[in-house]
Each structure stands twice: as structure tokens, then as C-alpha cells.
Amino acid sequence: MKFLVCISNVPDTTTKITFTPDNKEFNKAGVQFVINPWDEYALTRAIELKEAAGSGTVTVLNVGEADTEPNIRKALAIGADDAIRVNAAPSDAYFVAEQIAAIAKEGAYDVILMGKESIDYNGFQVHGMVGEMLGIPTVAPAMKLDMSGNTATLEREIEGGKEIVSVNTPFVASCQQPMCEPRIPNMRGIMTARTKPLKVVPAVGEPARTTVAEFALPPKKQGVKLIDAENAGELIKLLRNEAKVI
Amino acid sequence: MSVLVVVECADGEVKKSSLEVASYGAQVAAQMGTTATAIAVGEANEANLAKLGEQGITKVLYDAEPRLKDFVNNAYTKLIATAAEQEQAKIIVLANSNIGAAVGSRLSVRLKASLATNVVELPKISGDQFTVKRGAFSGKAFSDVVLSGDRKIIAVKKNSTEAQHDAGKTAEVTSFSAQLSDADFADAPKQVVMQDQAGGVLLPEAERVVSGGRGMKGPENWHLIEDLAKALGAATACSKPVSDVDWRPHHEHVGQTGITVSPNLYIACGISGAIQHLAGVNSSKVIVVINKDPEAPFFKAADYGIVGDVFDVLPKLTAAVKALN
């Protein structure tokens, strides 16, 4: 089984988001970048399934410029066998999907996994686009993934419940908790990651279909109105008569 | 040319988020000088579909194929794509739900359309320039995105726009067939398992949410959260540490790596307010924080606050709500 795991390079979850003075770009200064937390489920589950089968490969794919390589190496340290970096800024979901589809097709991957969405763009789009470009099923968002031969059984989250879905390879799934416990690299992994292959390839396909004109931060709160704990019922009156939300 | 709205139904009812989407689509149609047509998916009821006239929908297409009751990605995509071609729709509007995102992303490739998800406002249309505002950085920011090309798909975030109600207006319900074959249902679910929702409210669609953190000290104390939620008609939620230790299920985890909610009222009980949690809730209209630590960072993001012990305060609040009703 050949697994292709797509990872994004995103600001750490503790990052306070700021923008350049013209609000056109995210301000990267002093920001720590990590593997997108949702993608960690995809990566760890692919490694677990490969280990359980006792054969197969896990290739990690990133669309990004050279500054993403430390996180690609981290994915190799966690247990991926090799990596591909498409040397281009991930300008929008469509552009990224085109790169993944081209590599998935060329490498004849059986299972294409990624996180539910990236925590920076929050598109929740790439999985469906890749599936459609390749003409194969997509299961998103998947909470559970098991393989038996060429058949996968997945649990797909729906509003208020879940669906049990079976698909044959090749397929795309976007992953989320509680699929597995994401692994962290150990020392041996870090040492071997240095020499694992990382191939850099140029981008293909059409340009992005969407562009960001401007970023904005949410409006600041006016300040908290404190109610005495002894008189907590007062809060309910305020919620009804002042805020008018109950 | 028209605007096509995808309306999700369950148990015969149009979902609340789809009423918002219908209203959004009708307003976009008005901006563009055209009309809005809806395509229904899921288990629909014709009388309820006709009522979409109240949201400004002129016509509703409905395929009564029974296998469309449950979500099937390929079949839904083909159904909506066929409707979009028939109606020559330039704009397709759907909910930013698990169904909307799964179908919208496939449709964007099939129909060569540009796609924006998580959209929170009506578009700005100026000549050929079509701009939408969407949530980014997991609730920590917004971005204005320019959609290029002839065709556009917009997935509207739940609870971010209000559904209009023009009482008494009706839409024409027309039967529609996308000539779906067995092959289109190859990825149909084997089984659908719904959570037990006895009197409960679904978190993603909820207008009011009562949420608990580690300050609740253990799952055995959750009846305090549930009692207040029940009195308010609210959904229950929790912070990441709480779902990580399995006090509550993962689907209740609100935050940057859980779900992002934007209810009218969010009541946080015993949650300190880490930046990752705030990201998931800061588009809520009114935030109430109850915490015994006056220095909890959540108070800076709150509209109302009580510095006190949740075990004292919650029963008082529940009693006060019951006294009101």
C-alpha cells in the first residue's frame, strides 16, 4: 500500500495573529511554524497502517517554499519514508489540489490522506478537489480509518452523528480526532530523517482562482461587565433585557 | 443566469443553517438583478420546501429519489451540478457544513468555479470584482477574498447571517431528476449512526452554548452544565483539555483544533481562555465567563463575567432562568 500524506506548514496554535501594515499579508516575524495539527492525524494513522500491514510506504507531500523543510524533516522523523516538496507558495486551495493530484497520479498512490483543514486558511476544500480531479471518492472529515486489503472502512462525521463508509483504493480522506494519538519524533527518528530522500519538484497546472485582498482582525470587546457572584441571577436579567439573547 | 441555493433537509425539515443560506442566496440574487432557485437534498417535505418563499426563494427543485435521503458525495455532487447547468447558475450558495464543504469542493472542480468557504457576510460586487469576507486563522482573523472567473461557489458559515422571514410568501416546488444511476451511489454510507439527542441541541447549529472546562473538576459534575443548557435551550460544549481526557466526547470540543462556533450566547464555565479556545468562540455575539480566578484571560474577551465558584454560580443561574420562563 502506498500512502501519500499531505502536510501544511502553519503558525503554531499559540500564535497571536498580526498582519503587515497594509493588511495584505500575514506577519511571519517571530512566528513558530508547525505541521498543521489536523495533518498529524493523517501522518500518524498512515504510519500505523503501514506498520500493521508490515509493508508499504508513506510519502509526505508539502506545497511550499524552502522554509517549510524543517517541518518536512519532522514528518520524516515521525516515521514517513520519503518526502516531496512542490516548490511554490500554496496560493489557494485549488492550486494546492492541482499539485497533489498531479503527484498522486504520477506516483500511483493508493491512499491520499490529509488533515480536515489547515488552521490558517481553514478552507476544508483540498480533499474534495483532489478527489474530483482524480475521479476517486473522498471521505471527509474522517474520524476513523481501518484497512483490510484494498478496502477501507471509515467513520465520517456528520452534523449530529456519523456515517460508516466503505471505499476501495484509491481514495482521499481528510482526517481529524479521534483517529489516532499523533506521534512525536524520537531521537532515532530524528537521526534517520536527515538522510531520508526529500525531492523538490516544480509546480504544475493553472494559477490560483482566488486571491486575498485584505486581512482584518475581529473587533475588540468593549470590556467586561462584572456581576457579583452572590447576585448571579442578575446576569440572567441582563441577558434578557440588555443583551436580548435569551 | 440565476443563483442556485443548496438546501439541506433532515426529517422533512429545512435545517436552520439552510434557511440562512436560502436568505443569503436570495439577497445575492437581488444584488445581481436575478432570482434564486433552491435545490433540496436530504429527506425533504414539499410543504416545508414551499415555505422557502419566506426567505426569498422563487423556485425549489426536488428530486424524490429515496437514496438521496442520506449524504452520498458523488450523487449529491451530480445532482447539484445538473441543477446548476439547467438553471445556468453563476453563483452557487451552500452551508459551510460537512455536507456543504464536501460537495462544494468537488463541484468547484467539476463546474470550473472559484470557491470560498467559511463566508460570513454578503459579497461586495463592483463591476467584475466579486469579493467575500471569510473567517481565517481558525477564528483569529478575517480575510477579504476576490473570486475570479465566471462561476462562483460560496459556503456560508452557520449563524453568521440572519435568515429573513417574509411571512406567507411561497416558492414553487418543481420535481427534478438528475438521472442518477447505481454508480452514483457507490460511496453511499453502509450505516448512519445518530447521537442520542433527547431534548438536546446540536452544537454547530446552536444559538446558545453552555461550555465547561477543567474548572468543572470531573465529568460527574457535568449535570450543572446540562441543567443550565436545558433551561436555556442551549447546546453543551467543552474545552480541549476536557475532551482530551475523555470527560466529554470530541465533537463537543470547541477551539482552534475542534469546532468554531458563533452562537448568540456563549457561557464559559471554569475555562481559563487559552488563545486556542478563544479562536473557536470569539465570533459569538455575547460571551459570558464564570471563573473563580479574576485574572483568567477569558474575562478580557467577555461581555459579562462572574468571578466566583462555578459550583455555586451555575445552580443560581439555572434557577434564575427557570424563574423567568
Side-chain angles (χ1 to χ4, degrees), chain A residues 11 13-14 16-17 37-38 93-94 97 119-129 131-133 137-138 140-141 156-167 177-178 209-218 221-222 224-227 229 232-233 235-240 243 245-246, chain B residues 71 73 97-98 101-102 105-106 108-110 114-118 131 135-138 140-149 187 189-195 197 202 204 232 250 256-257 264-265 275-276 282-283 285-286 299 301-308 312-313 316-317 320-321 324:
Chain A
T13 58
T14 58
K16 187 165 185 284
I17 303 296
W38 301 105
Y94 181 79
I119 62 164
D120 52 357
Y121 192 76
N122 304 114
F124 193 25
Q125 302 176 5
V126 172
H127 48 82
M129 290 178 171
E132 183 71 18
M133 285 169 184
T138 299
R156 174 181 184 277
E157 183 176 58
I158 54 175
E159 278 83 1
K162 63 187 178 185
E163 292 177 351
I164 318 291
V165 186
S166 271
V167 289
Q177 72 272 46
R209 288 177 176 176
T210 62
T211 44
V212 173
E214 195 173 89
F215 287 103
L217 294 171
K221 289 282 182 190
Q222 299 296 316
V224 60
K225 185 182 256 190
L226 288 175
I227 294 107
L235 171 69
I236 300 302
K237 286 184 193 146
L238 287 168
L239 292 177
R240 171 157 289 186
V245 288
I246 60 171
Chain B
F71 173 64
N73 206 339
S97 60
N98 284 348
S105 52
R106 287 196 93 98
S108 74
V109 173
R110 197 168 300 187
S114 52
L115 168 64
T117 51
N118 218 13
T131 312
F137 293 98
S138 303
K140 291 178 182 173
F142 296 100
S143 60
D144 282 342
V145 177
V146 179
L147 301 184
S148 61
D187 61 340
K190 299 280 171 285
Q191 194 189 347
V192 180
V193 185
M194 298 309 285
Q195 291 145 22
Q197 286 165 39
L202 275 186
L232 285 169
H250 281 282
Q256 191 161 7
T257 53
N264 291 334
L265 174 63
I275 189 168
Q276 296 97 324
N282 67 12
S283 53
K285 286 169 195 84
V286 173
F299 283 114
D303 299 282
Y304 297 97
I306 296 180
V307 179
D312 293 335
V313 172
K316 285 183 190 164
L317 294 180
V321 175
L324 267 191

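In what follows, chains are A, B, ... by sequence order, proteins preceding strands, each numbered from 1.
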Legend entry - Ionic contact status for A:Lys225 with B:Asp303, cut-off 4.0 Å: no
Legend entry - Toward chain B, the part of A:Leu239 with a non-hydrogen atom under 4.5 Å: side chain
Inset, instruction - Answer whether the closest heavy-atom distance between the side chains of B:Met194 and A:Ile158 falls below 4.5 Å. - result: yes
Inset, instruction - Could you tell me which portion of A:Pro218 (side chain, backbone, both or neither) has an atom closer than 4.5 angstrom to a non-hydrogen atom of chain B? - result: both
Legend entry - Atom of A:Thr210, atom of B:Leu115 and distance for their closest heavy-atom approach: CG2-O, 3.7 Å
Legend entry - Under 4.5 Å from any heavy atom of chain B - which part of A:Gln222: neither
Inset, instruction - Just do the side-chain contact (heavy atoms from CB on, under 4.5 Å) check on B:Asn98 and A:Phe124 with the steps written out, would you? - result: CA-CA 9 Å; B:Asn98 284 348; A:Phe124 193 25; 3.7 Å; yes
Legend entry - Most contacts with chain A, counted as non-hydrogen pairs under 4.5 angstrom, among B:Ala102, B:Gly308, B:Ala136, B:Ser283: B:Ala136
Legend entry - Counterpart residues, ring pair (Phe, Tyr, Trp, His ring centres under 6.0 Å), relative to B:Phe71 (two or more places apart): B:Tyr76
Inset, instruction - Grab the two heavy atoms, one from A:Gly128 and one from B:Ser105, that are nearest each other, plus how far apart they are. - result: CA-OG, 3.2 Å
Inset, instruction - Could you tell me whether the side chains of A:Thr13 and B:Gln276 share a donor-acceptor contact shorter than 3.5 Å? - result: yes
Inset, instruction - Using a cut-off of under 4.5 Å on heavy-atom pairs, state which of B:Ser138, B:Ser143, B:Ser97, B:Gly135 scores highest against chain A. - result: B:Ser138
Legend entry - Shortest non-hydrogen separation from B:Thr257 to A:Trp38 and the atoms involved: O-CH2, 2.8 Å
Inset, instruction - Could you tell me which of B:Val192, B:Ile275, B:Val146 has the largest number of non-hydrogen atom pairs under 4.5 Å with chain A? - result: B:Val146
